[in-house]
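Just below is one structure, and these are the notes that go with it.
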Amino acid sequence: MTSTRPHIHEVSDLLLDFAVSLMGAGTHTSRVARNVSRIASSFGYGIDIIIFQKTVMMTVTHLEDNNVRHTSVKKIKPTALNFSTISELSRLSWEVYDGHLSIPEIRSRYNRIVKTPRMSRWAVLGLVACANAAFCRLFTGDLVAMGIVFMATLIAFYVRQEMMNRHANHLVMFVVCSFIASMIAGLTAFTWNIGTATPQIALGTSVLFLIPGVPLINAIIDLLEGFVLAGTSRMINACMLIVAIAMGLSLSLLVLGIDKL
Amino acid sequence: MMTTDLLIAVILDGIFAAVAAIGFAVISNPPRKAIPVCAILAAVGHGLRYFLINHLGLDISTASLFAAFSIGLLSLWFADRIHCPAEVFAFPSLLPMIPGMFAYKTILGLMKFLTDTTGAGQTPEAIAGILRNGLTTLFVLFALVLGVALPILLFHKRSYMMTRLFRPERRNRARAAQ
């Protein structure tokens, strides 16, 4: 195993790319650390890692010779959540551990995983609209309210996809999408007075597809596992998004003159 | 006693929660084979929570804890079978239970309290409302994550290896002994 040990720089670069992709795809901190150290140990290296919201810092150390060590830092690019990537990279890390793959082989498989195309955006759009309509039903909204929420989500999520493609600031994006969704729901349910018995619920659930659920869950997991700094920064990030949602919503309430939600 | 009305209500709740879970899950691009599992887990979890709240009269955070615990147990069982990390389908199935409405109502309440120029709305009731919504958000969130994580903590070692395709247990033990 030790005779063909790859150069420490190669290992370090691979591990950093791995960690950055996992973080960008939306994993909690301890899984990133576990996966990366699993790969390192298969090459006979040990790692110490610090993970922040925007950077990963890692020291790779030779397990038998402590003088051979390499520290490097890499930026985490903001990418969309991607659970397929997490699943596949996690599996790859076990295969490396069990099967001792070579660095070029891991590289090529890593590249293939990262470049796997996402689900078609139109399918996602339709499913999200259905989901939010079903969600409206869970909050005891009636059939008309569900229809209103479906339309509002369809349009607002389309805008969100377009803004994401143009790399808009995501706080701005959340304010705009929340405003559009609640404006459509508010206009149809209150102003034009389409026959729904539950206009409040239609308006209230129309923005719920924006709630950053996965970041919130990751934040709590990090806090519970003792990665307090990472957990806090995730929590604050998610809270800012929720404030943005509330801003968009209160803006439409103001425009439409609706007092009580 | 469990009546048919309640049973139908619970099942309907589960079905709509499943639709919601699928839609909210696909935003984070899960593996194809994980999507039906998400739907099943969300239906079980949300249906259970509905039952606990409406029939047994539990509060929302305790009910969420039990619902999430059931999701956590089931997700470990599924993770062992389709070789995905348990969180890949445990998290999306929690999404319909995330207290999103409580969260933004907290912020809306704060904004309203702050921007009230007449002072007529700055009542103790307004503060109580903000606190109630905010605390509910926090407690439900912690309950959800604790509930899901508990089974994973109980079966600690196993859950890390769900994505492992073949498990050379013996070789590992030998390596650990060295």
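Here is the naming used below: chain letters follow the sequence lines, and residue numbers restart at 1 for every chain.
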Which atoms of [X] come close to chain B, meaning under 4.5 Å heavy atom to heavy atom: side chain ones, backbone ones, both, or neither?
{"X": "A:M164", "answer": "neither"}
{"X": "A:I221", "answer": "both"}
{"X": "A:T205", "answer": "both"}
{"X": "A:I211", "answer": "side chain"}
{"X": "A:R137", "answer": "side chain"}

Is it true that [Y] and [X] share a donor-acceptor pair across their side chains at a distance under 3.5 Å?
{"X": "B:T136", "Y": "B:N133", "answer": "no"}
{"X": "A:R38", "Y": "A:N35", "answer": "yes"}
{"X": "B:Y104", "Y": "A:S178", "answer": "no"}

Does any heavy atom of chain A fall under 4.5 Å from the side chain of [X], the backbone, both, or neither of them?
{"X": "B:M111", "result": "side chain"}
{"X": "B:A149", "result": "neither"}
{"X": "B:L110", "result": "neither"}
{"X": "B:L144", "result": "neither"}
{"X": "B:I15", "result": "neither"}

Whether [Y] and [X] form a salt bridge (side-chain N of Lys/Arg under 4.0 Å from carboxylate O of Asp/Glu) is what I want to check.
{"X": "A:R109", "Y": "A:E95", "answer": "yes"}
{"X": "A:R121", "Y": "A:E162", "answer": "yes"}
{"X": "A:E88", "Y": "A:R112", "answer": "no"}

Just give me the residue among [options] that pairs up with chain B most often, heavy atom to heavy atom, under 4.5 Å.
{"options": "A:G213, A:S250, A:A246", "answer": "A:A246"}
{"options": "A:I245, A:L125, A:V243", "answer": "A:V243"}
{"options": "A:L127, A:N82, A:V128", "answer": "A:N82"}
{"options": "A:I242, A:V124, A:V207, A:I217", "answer": "A:I217"}

Over 12 foreign heavy atoms within 6.0 Å of CG, A:L63: yes
Contact check, side chains of A:E225 and A:T29, non-hydrogen atoms, under 4.5 Å: no
Mutual orientation of the aromatic rings belonging to B:F78 and B:F89 [parallel < 30°, tilted 30-60°, perpendicular > 60°]: perpendicular
